[in-house]
Number of protein chains: 2
Amino acid sequence: MARRSYHQYCALARTLDLVGERWTLLLVRELLSGPARFKDLQVGLAGMGTNLLSDRLKELVEAGLIEREDRLYQLTPRGRELEESVVALARFGAPLLGERSAQELWRAEWNVVALQYAFCPERAKNAEGVIEYRIDESCVQAKLTSGALETAGEARWEPDVVIRADGETFLQLAAGELDPKNAEEQGRLELIGSRRLWRTSLRVFSVAR
Amino acid sequence: MARRSYHQYCALARTLDLVGERWTLLLVRELLSGPARFKDLQVGLAGMGTNLLSDRLKELVEAGLIEREDRLYQLTPRGRELEESVVALARFGAPLLGERSAQELWRAEWNVVALQYAFCPERAKNAEGVIEYRIDESCVQAKLTSGALETAGEARWEPDVVIRADGETFLQLAAGELDPKNAEEQGRLELIGSRRLWRTSLRVFSVAR
DNA sequence: CGGAATCCTCTTCGATACTG
DNA sequence: CAGTATCGAAGAGGATTCCG
């Protein structure tokens, strides 16, 4: 059974033949946070049948976008090239994030993508350092180096500042509904390390541009 | 009948809820060339059922990404914001464009996207002018202004150079299988206007980067 | 001509149950 | 835990017909 194809000699169509099916780009998003197991993936892809997840993983391993080592899945360098597309699509969708409905899932790891579309290079010219977000049980890092950004969904670098909050607090801060100063005074936000880098981060990451 | 949704509070998921279904991004690609009628769209979306095309158009009009004036469909400014994502996805797919199989469709208008992912801003610092590609019956324009690129799938600006070729010739040139000089000597490629801008274009548009 | 609606078949998806 | 198997539901694809 051959995969369904658009049969077009077009770069966009070729990409969509590969990753355009339902769930596939969300699966890539999950792996942009770092290597994951089947079970981990299921959490961020709630509603996706296990058979479908299994099939997709096989297809993407076959296509050379994912590699499997023992029971750990991760993106290959080629697979990681999808990051640019994922971030572009997410940037388009950012204005659509209004209220969060009760039935909607949210995971702190998704900030690995959110940080990237919220990043303003022109405001980060002289920003340097590693910012670590500890939200609920998760850890997301942003590494700033001379106007460029790298992100990770796990503790990969030594942090210069650690920001700790629960998910609800973090979402309110991101939405601009809660003032960082107030949050800290209320004890809902804890800072360890460089306050200067923290203030820089508030300037550098901004959804409204 | 509510639209299917991923039910995730995530910018990527929100975008895919809107344009992640089969054919939708290819439909956007078609409209990136300029306004089109139902019949025109069917040509570039061969294999898509008329009912499906009709449904998708309605959904996208509803979502504010497309507007319909009389019988002409075109992207709204918000819809045009998808260009960045479409180009990023196509850039990813460019290395997958190997041989063109016999059953695969190709349309010269798709170069509106191809020119954008092939564009190297750093090589176009001092490039200025409008390049017009006349391939078979179609017209695609590229407007260079101080390191930036605009494209159109129709005659929108006064061209500084017009390049005329048939589709086969153009594909061979793009693939690097045919030397521009040879093509011209063989009469398969015709140039009218600024030869200097033509040479610039060869440097500025390059798939291998 | 430019679509919209219907009908029928086929594929894919989604949920659950089951197995190594 | 990491999948595989199964089956009903939903969506896609193609032909044809209807309508203004």
Side-chain angles (χ1 to χ4, degrees), chain A residues 1-8 12-13 15-31 34-63 66-74 103-105 137, chain B residues 1-8 12-13 16-31 34-63 65-75 103-105:
Chain A
M1 50 171 77
R3 281 179 59 83
R4 195 194 253 176
S5 164
Y6 288 111
H7 297 298
Q8 297 192 349
L12 174 64
T15 301
L16 294 176
D17 280 344
L18 211 54
V19 300
E21 289 170 286
R22 192 161 162 78
W23 293 108
T24 305
L25 283 174
L26 295 187
L27 171 53
V28 171
R29 174 199 64 191
E30 291 301 308
L31 291 174
R37 291 166 175 258
F38 197 92
K39 191 94 182 183
D40 304 328
L41 294 171
Q42 285 186 293
V43 177
L45 301 171
M48 184 183 194
T50 57
N51 56 341
L52 197 50
L53 174 53
S54 177
D55 290 350
R56 287 283 186 280
L57 284 167
K58 274 183 226 156
E59 288 167 10
L60 293 175
V61 167
E62 178 82 14
I66 287 180
E67 59 193 359
R68 176 184 174 174
E69 197 158 336
D70 196 17
R71 281 166 176 174
L72 210 58
Y73 295 93
Q74 64 181 328
Q103 61 177 335
E104 279 184 318
L105 183 64
E137 303 309 306
Chain B
M1 49 170 89
R3 280 180 58 84
R4 195 197 257 176
S5 164
Y6 289 110
H7 297 299
Q8 297 192 348
L12 174 64
L16 294 176
D17 279 345
L18 210 54
V19 300
E21 288 170 286
R22 194 162 161 76
W23 292 109
T24 305
L25 283 173
L26 295 186
L27 171 53
V28 171
R29 174 199 64 191
E30 292 301 308
L31 292 174
R37 292 165 174 255
F38 195 92
K39 194 97 181 182
D40 305 327
L41 293 171
Q42 285 186 292
V43 178
L45 301 171
M48 185 182 194
T50 58
N51 54 345
L52 196 50
L53 175 53
S54 177
D55 290 349
R56 287 284 187 281
L57 284 167
K58 272 184 227 152
E59 289 167 9
L60 294 175
V61 167
E62 178 82 14
L65 304 186
I66 287 181
E67 59 194 359
R68 176 182 175 175
E69 196 158 335
D70 196 17
R71 284 167 177 175
L72 212 55
Y73 295 92
Q74 62 181 328
L75 292 173
Q103 62 178 334
E104 281 184 317
L105 182 65

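Nothing here was measured: the structure is a model prediction, and the numbers come from that model. Below, chains carry the letters A, B, ... as their sequence lines are ordered, and counting in each starts from 1.
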(request) Report the distance from atom CG of B:Leu53 to atom C1' of D:dG11, rounded to the nearest whole Å. (result) 16 Å
(request) Tell me, please, which residues at least two apart from B:Tyr6 pass ring pair (Phe, Tyr, Trp, His ring centres under 6.0 Å). (result) A:Trp23
(request) Please report, rounded to the nearest Å, how far the C1' atom of D:dG3 is from the CZ atom of A:Arg37. (result) 14 Å
(message) What I'd like to find out is whether the side chain of B:Glu69 reaches to under 4.5 Å of the side chain of B:Gln74, using heavy atoms alone.
(response) yes
(message) Under the rule for ring pair (Phe, Tyr, Trp, His ring centres under 6.0 Å), what residues qualify as partners of B:Tyr73, not counting sequence neighbours?
(response) none
(message) I'd like to check B:Leu26 versus A:Gln8 (side-chain heavy atoms, cut-off strictly below 4.5 Å). Are they in contact?
(response) yes
(message) What is the separation between atom CZ on B:Phe38 and atom P on D:dG20, rounded to the nearest whole Å?
(response) 17 Å
(message) Roughly what angle, to 10°, lies between the helix axis at the start of the helix from C:dC1-D:dG20 to C:dG20-D:dC1 and the one at its end, five pairs per end?
(response) 30°
(request) Can you check each nucleotide of nucleotides 15-20 of chain C against protein heavy atoms at under 4.0 Å and return B for base, S for sugar-phosphate only, - for none, in 5' to 3' order? (result) BBB---
(message) Suppose we screen for side-chain contact (heavy atoms from CB on, under 4.5 Å). Which residues come up paired with A:Ala46, at least two apart in sequence or across chains?
(response) A:Leu105
(request) Please state whether the phosphate of C:dG14, meaning OP1 or OP2, lies under 4.0 angstrom from any side-chain nitrogen or oxygen of B:Arg4. (result) yes
(request) Taking the side chain as every heavy atom from C-beta outward, state whether A:Ile66 and A:Val28 have any pair of such atoms under 4.5 Å apart. (result) no
(request) Among residues two or more places apart or on two chains, list those pairs meeting side-chain hydrogen bond (donor to acceptor under 3.5 Å, both in side chains) that have a residue in residues 44-62 of chain B. (result) B:Arg3-B:Glu59, B:Thr24-B:Arg56
(message) How many whole angstroms separate atom CG of A:Leu45 from atom P of D:dG3?
(response) 14 Å
(message) Does D:dG3 have OP1 or OP2 under 4.0 Å away from a side-chain N or O of A:Arg68?
(response) yes
(message) Please list all pairs meeting salt bridge (charged side-chain N to carboxylate O under 4.0 Å, His left out) that have one or both residues in residues 36-45 of chain B, counting only residues at least two apart or in different chains.
(response) none
(message) For a quick test of reading the model: is some side-chain N or O of B:Ser54 closer than 4.0 Å to OP1 or OP2 of C:dG3?
(response) no
(request) Mind calculating the distance between CG (A:Leu57) and P (D:dG3) to the nearest angstrom? (result) 8 Å
(message) Between B:Arg68 (side chain only) and B:Leu57 (backbone N and O only), is there a donor and an acceptor less than 3.5 Å apart?
(response) no
(request) Could you please name the option among D:dG11, D:dA12, D:dT4 that lies closest to any side-chain atom of B:Arg56? (result) D:dA12
(request) Can you tell me the distance, in whole Å, between the CG atom of A:Asp40 and the P atom of D:dG3? (result) 12 Å
(message) Whole angstroms only, please: what is the NZ-P distance between A:Lys58 and D:dA2?
(response) 15 Å
(message) Within residues 20-30 of chain B, which residues have any heavy atom lying less than 4.0 Å from an atom of DNA chain D?
(response) B:Arg22, B:Trp23
(request) Select from A:Tyr6 and A:Gln42 the residue whose nearest nucleotide in DNA chain D is closer to the 5' end of that strand. (result) A:Gln42
(request) Please report, rounded to the nearest Å, how far the P atom of C:dA4 is from the CG atom of B:Leu41. (result) 12 Å
(message) Whether A:Lys39 contacts D:dC1 is assessed here as follows: a side-chain N or O lying under 4.0 Å from the phosphate OP1 or OP2. Is that the case?
(response) yes
(message) If the condition is side-chain contact (heavy atoms from CB on, under 4.5 Å), which residues does A:Glu137 pass it with, not counting sequence neighbours?
(response) none
(message) Side-chain N or O of A:Tyr73 versus OP1/OP2 of D:dG3: is the shortest distance under 4.0 Å?
(response) yes
(message) Checking A:Glu104 now: which residues fulfil salt bridge (charged side-chain N to carboxylate O under 4.0 Å, His left out) with it, not counting sequence neighbours?
(response) B:Arg14
(message) Can you confirm whether A:Val61 sits close enough to A:Glu67 that some side-chain heavy atom of one is under 4.5 Å from a side-chain heavy atom of the other?
(response) no
